[in-house]
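What follows is one structure encoded as structure tokens, with my remarks underneath.
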Amino acid sequence: MSTFRAIVIEKNDTSQIVGLKDFSEADLMDGDVTFRVTHSTVNYKDGLALTGKAPVVRRFPMIPGIDGAGVVEASGHPDFRVGDQVILNGWGTGETHLGSYAEKSRVKGDWLVPLPAGLTPAEAMAIGTAGYTAMLSVLALEKHGLQPSDGPVIVTGAAGGVGSVAIALLAKAGWHVIASTGRAEEADYLRSLGAAEIIDRNELSGPMRPLGKERWIAGIDAVGSHTLANVLSMTRYGGAVTACGLAQGMDLPASVAPFILRGVSLLGIDSVMCPKPRRLEAWARLATDLDREKLGEITATIHLEDVITAGQDIIAGKVRGRLVVEIQKS
Ligand SMILES: CCC(=O)SCCNC(=O)CCNC(=O)[C@H](O)C(C)(C)COP(=O)(O)OP(=O)(O)OC[C@H]1O[C@@H](n2cnc3c(N)ncnc32)[C@H](O)[C@@H]1OP(=O)(O)O
Ligand SMILES: NC(=O)c1ccc[n+]([C@@H]2O[C@H](COP(=O)([O-])OP(=O)(O)OC[C@H]3O[C@@H](n4cnc5c(N)ncnc54)[C@H](O)[C@@H]3O)[C@@H](O)[C@H]2O)c1
């Protein structure tokens with residue numbers, strides 16, 4: 001019987017067990033496209049799944065990995081043919097459907113996006129869900145009508161994956177970017193991405209005042225909890241803040257004051273079930289707007305053997321920028 005290498009999470013009565021093993025092709029789940037996964041990446045959510053820190057995995061055994069890129073091997077879907085290069089983000093892969101830390105994946109063709117022209121599979125995974133979520137966040141601010149001439153934008157969790165890509169995109173578009181980080185040693189890195197100001201995350205991590213001094217017109221928040229509450233309380237009249245993350249916590253100990261006294265908007269961002277037209281828009285913008293040199297600077301490459309440790313590192317806040325997992329040759 002044919003097998004392929006995969007990271008597999010299994011569960012016993014008390015805990016989960018994660019390992020690299022041979023997985024039977026016969027155990028792949030239903031789908032009309034099978035592709036050779038050449039690259040994946042490690043997002044915060046992958047760290048949650050690999051460590052079991054949050055109940056991300058909803059089926060066992062599970063192959064984690066919410067992002068994959070590769071080459072179609074078999075297709076019953078009208079949009080995809082053998083040899084096409086594709087990318088996959090979310091749709092429950094690594095949660096309810098077998099994910100991409102594997103040499104092979106079978107999914108619904110409707111979930112796949114053609115690799116955008118000008119991007120390599122490795123670059124697409126350097127972007128990954130984190131970068132595509134950063135782009136969804138920028139699009140949400142734009143759709144709200146905000147532009148660089150309106151004032152500064154704050155990015156929290158700045159040295160992480162969402163934060164790093166968001167800074168690069170916003171700076172290129174002409175925004176004055178304020179980066180909030182707990183890693184003072186990454187100041188040069190953040191400036192190289194385009195941050196104009198850097199603030200210590202401690203300024204935002206404690207209990208908030210209902211309204212604070214107005215400091216920015218827009219925000220991209222990957223942190224949640226007190227940090228998001230503080231970002232909202234310091235947002236200028238008519239501004240907007242996107243919320244995509246929970247690195248500090250899933251709670252939101254906030255006040256309604258910014259909403260009812262300053263007309264501030266809180267814009268929720270979901271990458272997992274995001275409809276396909278918006279995904280295509282985000283990927284097209286990433287292919288044109290994201291500086292490849294900066295993308296290279298924020299990216300490190302690892303292999304399938306390193307993924308379990310990388311999952312622990314990202315939850316510990318030790319990963320800077322983005323990690324690409326090189327699984328096999330394109
Ligand atoms: C890339 C995207 C990201 O990085 S997001 C960050 C990673 N995600 C997480 O940390 C979420 C992990 N999940 C949790 O902590 C819990 O499921 C939370 C959301 C707190 C809810 O827990 P609890 O109150 O115990 O209820 P539950 O797990 O039974 O779920 C309640 C209903 O919600 C649903 N639900 C669960 N997870 C998801 C999800 N990821 N997307 C959409 N829906 C979800 C469950 O199916 C359940 O609904 P139903 O009752 O079955 O209709
Ligand atoms: N909504 C979505 O669809 C979606 C998509 C992608 C990511 N996310 C979420 O966005 C967040 C960032 O994801 P990522 O892949 O960029 O992760 P990451 O680990 O690369 O980045 C997280 C950043 O937050 C920082 N951080 C950790 N704890 C903190 C705290 N207590 N206070 C302030 N900062 C803290 C880390 O140092 C790191 O810089 C995660 O919570 C992830 O689940 C959500």
Side-chain angles (χ1 to χ4, degrees), residues 16 42-58 64 66 90 92 94-96 129-130 132-134 136-138 140-141 144 153-167 178-183 199-236 239-274 311-319:
Q16 66 173 39
V42 181
N43 300 280
Y44 190 87
K45 186 176 193 172
D46 296 311
L48 291 174
L50 288 158
T51 58
K53 196 185 163 208
V56 167
V57 178
R58 298 270 159 175
I66 65 170
E95 300 181 71
T96 51
T129 283
Y132 139 68
T133 301
L136 290 175
S137 306
V138 172
L141 294 177
H144 194 75
V153 59
I154 182 161
V155 175
T156 64
V162 172
S164 296
V165 177
I167 293 170
I178 303 171
S180 164
T181 184
R183 299 186 247 180
I199 64 169
D200 191 315
R201 80 182 197 195
N202 286 332
E203 279 190 46
L204 304 173
S205 58
M208 50 98 227
R209 290 159 60 206
L211 284 182
K213 185 175 155 47
E214 290 177 282
R215 293 172 72 177
W216 35 76
I217 189 72
I220 291 184
D221 178 65
V223 172
S225 192
H226 291 293
T227 300
L228 175 55
N230 275 301
V231 167
L232 288 165
S233 79
M234 295 181 217
T235 300
R236 276 165 48 179
V241 178
T242 64
C244 76
L246 44 63
Q248 185 179 16
M250 204 183 257
D251 58 331
L252 182 53
S255 151
V256 295
F259 309 126
I260 64 174
L261 300 177
R262 288 190 181 145
V264 167
S265 296
L266 179 56
L267 310 174
I269 304 296
D270 169 54
S271 62
V272 179
M273 303 308 285
C274 175
Q312 293 159 357
D313 288 346
I314 199 164
I315 296 303
K318 287 193 207 155
V319 173

Could you tell me whether the side chain of [X] and the main chain of [Y] form a donor-acceptor pair under 3.5 Å?
{"X": "D221", "Y": "G224", "result": "yes"}
{"X": "D46", "Y": "I66", "result": "yes"}
{"X": "Q16", "Y": "L50", "result": "yes"}

Which heavy atom of [X] sits nearest to which heavy atom of [Y], and what is that distance?
{"X": "S271", "Y": "T129", "result": "OG-CG2, 3.5 Å"}
{"X": "T181", "Y": "A158", "result": "CB-CB, 4.5 Å"}
{"X": "I314", "Y": "N43", "result": "CD1-C, 3.5 Å"}
{"X": "H144", "Y": "A240", "result": "CD2-CB, 3.5 Å"}
{"X": "T96", "Y": "R58", "result": "CG2-CB, 3.6 Å"}
{"X": "P253", "Y": "A229", "result": "O-CB, 3.4 Å"}

Measure the shortest side-chain to side-chain distance between [X] and [Y] over non-hydrogen atoms and say whether it is less than 4.5 angstrom.
{"X": "L136", "Y": "C274", "answer": "yes"}
{"X": "L228", "Y": "V241", "answer": "yes"}
{"X": "S225", "Y": "M250", "answer": "no"}
{"X": "L204", "Y": "M234", "answer": "yes"}
{"X": "T235", "Y": "P258", "answer": "no"}
{"X": "I315", "Y": "L48", "answer": "yes"}
{"X": "R215", "Y": "I178", "answer": "no"}
{"X": "F259", "Y": "L232", "answer": "yes"}

Side chain to side chain contact (heavy atoms under 4.5 Å, CB included), that's the test. Do E203 and N230 meet it? Break it down for me.
CA-CA 9 Å; E203 279 190 46; N230 275 301; over 6 Å; no
Could you measure the distance from the [atom1] atom of [X] to the [atom2] atom of [Y]? Nearest 0.5 Å is fine.
{"X": "W216", "Y": "R236", "atom1": "CH2", "atom2": "CZ", "answer": "11.5 Å"}
{"X": "R201", "Y": "R183", "atom1": "CZ", "atom2": "CZ", "answer": "8.5 Å"}
{"X": "S180", "Y": "I220", "atom1": "OG", "atom2": "CD1", "answer": "13.0 Å"}
{"X": "C244", "Y": "Y44", "atom1": "SG", "atom2": "OH", "answer": "11.5 Å"}
{"X": "L267", "Y": "T242", "atom1": "CG", "atom2": "OG1", "answer": "6.5 Å"}
{"X": "L141", "Y": "I217", "atom1": "CG", "atom2": "CD1", "answer": "10.5 Å"}

With side chain to side chain contact (heavy atoms under 4.5 Å, CB included) as the criterion, how do V155 and V162 come out once you've worked through the C-alpha distance, each side chain's angles and the decisive distance to 0.1 Å?
CA-CA 9 Å; V155 175; V162 172; over 6 Å; no
Side chains of Q248 and T227, donor plus acceptor under 3.5 Å
yes
T133: which of V165, I269, V138 passes side chain to side chain contact (heavy atoms under 4.5 Å, CB included):
I269
